[in-house]
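Keep in mind that what you see is a predicted model, and the values were worked out from it rather than measured. Counting convention: from 1, in listed order, for ligands and their atoms alike.
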Amino acid sequence: MRFLSEINSPKDLRQLRVEDLQEVADEVRQFILETTSRIGGHTGASLGAVELAVAMHYAFETPHDRLVWDVGHQAYAHKILTGRRDQLHTIKQYGGLSGFLRRDESEYDTFGAGHASTSLSAALGMAVARDKIKEDFHVCALIGDSSLAGGMAMEALNQAGHLKSRLIVLLNDNDMSIAPAVGALTRYLNRIKEAQSYHRLKEEFGGTLESVPGVGHSLRNMAKTVKDAIAAAVLPGALVNELGFKYIGYVDGHNVPMLVHALEEAKKIDDGPVIVHALTTKGKGFPNPEKNYYAYHATGPYDLKTGLPHKSSKVSPPTYTEMFGKTMCELMERDDKIVALTAAMPDGTGVDKILEKFPERAFDVGIAEQHAVTFCAGMACEGLKPVAAIYSTFLQRAFDQIIHDVCLQDLNVTFAMDRAGIVGGDGPTHHGLLDIAYLRGYPNIALMSPKDEAELRDMLLTAIEYPAPAAIRFPRGSGYGADTSGEPKLLEIGKSELLRDAAGEAAIIALGSMVYPAMQAAENLEKEGFEATVVNARFVKPLDAELILALAQTKRVIVTVEEAYLAGGFGSAVMELLEENALLDRIRVVRMGVPDRIITHGDPKLLLAKYGLDADGIYTRVKETIEVLEERRTRRKPLKVLR
Ligand SMILES: Cc1ncc(C[n+]2csc(CCOP(=O)(O)OP(=O)(O)O)c2C)c(N)n1
């Protein structure tokens, strides 16, 4: 590495000549490839943004000038250039670098990210604050073409054009989301690409680009291919004229001198916002770049020569996601009223299989969770049975739409919330720990969680047939290898499953992913002479009040276990039920779940164990609780403080 080993901050980068920057980018790309081939990561997204990162840190005086990255999954080059090169191999691991941006990780991370479409709003806020407090710095937001189509970004564009604040938006246009980009905005950007180039660049830069090394030649080439298109130009289009933005582009997003020059020009525009439109290739430099889109947006470890993933010798049962997609296809075969929807995550949710099989009845709406929910509400008004497959964390975006548009109107929409619980390497922005709390508060939604992949099938059918809103939360990863050969069955709404009826004093009521660990804990407790009843809760709402109240009258301890935040969670619902029935003075309730703190990234097993959410943790907690009660009863030992 001729340059990179000497670059410990963007200041070092800015000492170099423009002519050397392409080589820096090559070294950064190689570094990303070598690192992610070993540990995985958001490989393709980051490879596509290497030159953008180099150019931005060169053209701007970071961290004085503010760079705001959207999502942050594509920012590995930014991390490398801002003093985190030697820690890149720890990314997404417990105690290591975050996979996204965090203000507490680096002063160069001006705004935390993880969810999409936030950068323009945050950057506009910074720009307005700068002007109000009379400071002087540039604000540049980097946003992908799919994130630009997200509702928030559109709202920010609207305000930015209105305020006429000095703001630079660098559009990383690779025509891709995680899957191929969708929507009318994509069509619009493509039209710009066809119609726009030499003519406009010349106008903007007065021909000065011709003198920039490596730039003039490509401009001349561009002119040949787009000349005719310019004649039929649709531009200046909506972004430029109607929304009050200036436009520079398009620019080859892998040509660093050209990018630097475009950004320098953008810096000169002081009477309003400007978009620099850069064209990039997702996964640029990835070995084996055949159009296997999903394979390289984010990857596991892979072979550096072939780009192929390292095969694991372990054969795992199907994932919940796969089972969701498969079951949906079966159900849709039988009932043509069922429609499916994803918000830019077809492969992550299993909707890719449905899109293949039922292209007319499945939708990818792009990064538009709010719209997705109300779109489903509309379809439900007309008698369709929409199933919105949205990760628990991303559905947070649509809280009001769930309440106002679906629940209040009692519409038959099913929410399939994948990645509910602790998700692992993606960390705090992606853990699905809040859905119980945000869904439980509204009267008429049925909220359930399966103990395994077979029960997911039953719940899917049950939710779709339930003539009102319903939500199913299920975890990331493999199921338990449960028998899924039978037809899905309708479950009785609000009825739990008594899995182990024991004579002892304790009952464990476990939800979803915690049911198998609770059963294991009960078996281990039995070996020690402690008998524990185990209930698969199935429903958070409506609760199985009959069974819970019966247990409260016959047991001395109820332990609730859930993979979610305790505040507002399943255990809280059980407590509320007992309080309403004036039973709290006769039963000790222990709520196990995720405490009131931000949960970092890392191996999910490790994180779950940390909070006692595994068989060992449940075993220990139940045993301790029974022992303490026993001590109190006999008063043979001094009181221990209960946790
Ligand atoms: C609100 C929200 N929905 C979905 C996602 C998942 N997601 C992460 S990156 C991504 C694609 C972003 O595409 P684009 O903005 O074009 O950037 P690219 O990855 O192509 O560089 C998606 C859908 C997210 N992070 N946030």
Side-chain angles (χ1 to χ4, degrees), residues 32 41-53 68-78 92 98-101 112-121 141-155 169-183 185-186 189-190 253-254 277-284 286 293-299 341-349 351-352 364-373 388-399 401 417-419 423 425-432 434 476:
I32 293 176
H42 277 105
T43 308
S46 282
L47 288 174
V50 167
E51 285 79 8
L52 302 181
V68 184
W69 291 75
D70 208 273
V71 189
H73 65 309
Q74 75 294 58
Y76 288 19
H78 161 79
K92 296 175 83 172
S98 161
F100 302 95
L101 296 192
H115 286 198
S117 313
T118 62
S119 62
L120 300 194
S121 303
L142 178 131
I143 187 164
D145 51 312
S146 294
S147 299
L148 183 66
M152 266 185 89
M154 286 289 157
E155 290 166 33
V169 176
L170 178 53
L171 175 58
N172 174 16
D173 183 359
N174 55 22
D175 212 7
M176 290 278 296
S177 182
I178 292 177
V182 293
L185 186 78
T186 298
L189 290 174
N190 284 336
H254 297 298
H277 187 179
L279 301 195
T280 60
T281 304
K282 198 156 193 170
K284 172 100 177 155
F286 189 75
Y293 300 121
Y294 308 129
Y296 58 75
H297 171 84
T299 67
L341 178 144
T342 172
M345 310 292 293
D347 64 322
T349 55
V351 172
D352 53 346
D364 178 355
V365 299
I367 304 175
E369 291 80 5
Q370 295 156 283
H371 157 70
V373 170
I390 300 180
Y391 288 6
S392 164
T393 185
F394 300 142
L395 195 60
Q396 286 164 203
R397 278 274 163 97
F399 179 60
Q401 284 73 11
M417 300 182 294
D418 201 326
R419 310 303 200 265
V423 295
D426 283 342
T429 53
H430 283 59
H431 293 316
L434 273 167
R476 179 185 185 152

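For ligand 1, the atoms sitting less than 4.0 Å from at least one non-hydrogen atom of Gly144 are 14 (P), 15 (O), 16 (O), 17 (O), numbered in the order shown with element in parentheses. Ligand-side atoms of ligand 1 in range of His297: 9 (S), 19 (O), range being under 4.0 angstrom from any heavy atom. Those atoms of ligand 1 that come under 4.0 Å of a heavy atom in Asn172, given as number and element, are 21 (O).
Here the heavy atom of the protein found nearest to atom 16 (O) of ligand 1 is Met176 O, 2.8 Å. Looking from atom 21 (O) of ligand 1 to the surrounding protein, the closest heavy atom is Asn174 ND2, 3.4 Å. In this structure, the protein non-hydrogen atom closest to atom 10 (C) of ligand 1 is Ile178 CG1, 3.7 Å. Of the protein's heavy atoms, Phe394 CZ, 3.3 Å lies nearest to atom 5 (C) of ligand 1. Protein heavy atom in closest approach to atom 15 (O) of ligand 1: Ser147 OG, 2.6 Å. Shortest contact from atom 6 (C) of ligand 1 to any protein heavy atom: Met345 SD, 3.4 Å. Of the protein's non-hydrogen atoms, the one nearest atom 11 (C) of ligand 1 is Ser177 OG, 3.4 Å. Protein heavy atom in closest approach to atom 26 (N) of ligand 1: Ala116 N, 2.9 Å.
Judged by distance alone, with hydrogens and angles left aside, the side-chain atoms of Asp173 form a donor-acceptor pair with the main-chain N or O of Asp175 at under 3.5 Å. No donor-acceptor distance shorter than 3.5 angstrom exists from the side chain of Thr349 to the backbone of Ile390, with no hydrogens or angles considered. The main-chain N or O of Phe286 is never found under 3.5 Å from a side-chain atom of Thr43 such that the two would form a donor-acceptor pair. One N or O on the side chain of Asp70 and one on the backbone of Thr118 form a donor-acceptor pair closer than 3.5 Å. Side-chain atoms of Asn174 do not come within 3.5 Å of backbone N or O of Thr281 as any donor-acceptor pair. Remark: side-chain polar atoms of Arg419 are paired, donor with acceptor, to backbone N or O of Gly348 under 3.5 angstrom.
At least one N or O atom of Gly114, backbone or side chain, sits closer than 3.5 Å to an N or O atom of ligand 1. Inclusion of Ala344 in the set of residues having an N or O under 3.5 Å from an N or O of ligand 1 is not warranted. Taking distance alone, with nitrogen or oxygen atoms compared against 3.5 Å, Arg397 stays at or beyond that limit from ligand 1.
Taking all heavy atoms of Gln396, His115, Glu369 into account, the minimum distance to atom 3 (N) of ligand 1 is reached by Glu369.
Ring centroid separation for the pair Phe394 and His115 comes in under the 6.0 Å cut-off.
Not a single heavy atom of His42 lies less than 4.0 angstrom from ligand 1. Heavy-atom separations between Gln74 and ligand 1 are all 4.0 Å or longer.
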Subject >> Worked check of side chain to side chain donor-acceptor pair (under 3.5 Å) between Asn172 and Thr280 >> reply: CA-CA 6 Å; Asn172 174 16; Thr280 60; 2.5 Å; yes
Subject >> Test log, rule ring-ring contact (aromatic ring centres under 6.0 Å, His included), inputs His430 and Phe100 >> reply: CA-CA 10 Å; His430 283 59; Phe100 302 95; 4.7 Å; yes
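Under the 4.0 Å criterion applied to side-chain N and carboxylate O atoms, Arg476 and Asp418 are not assigned as salt-bridge partners.
Annotation: side chain of Leu47 is not in contact with side chain of Lys282 (no heavy-atom distance under 4.5 Å).
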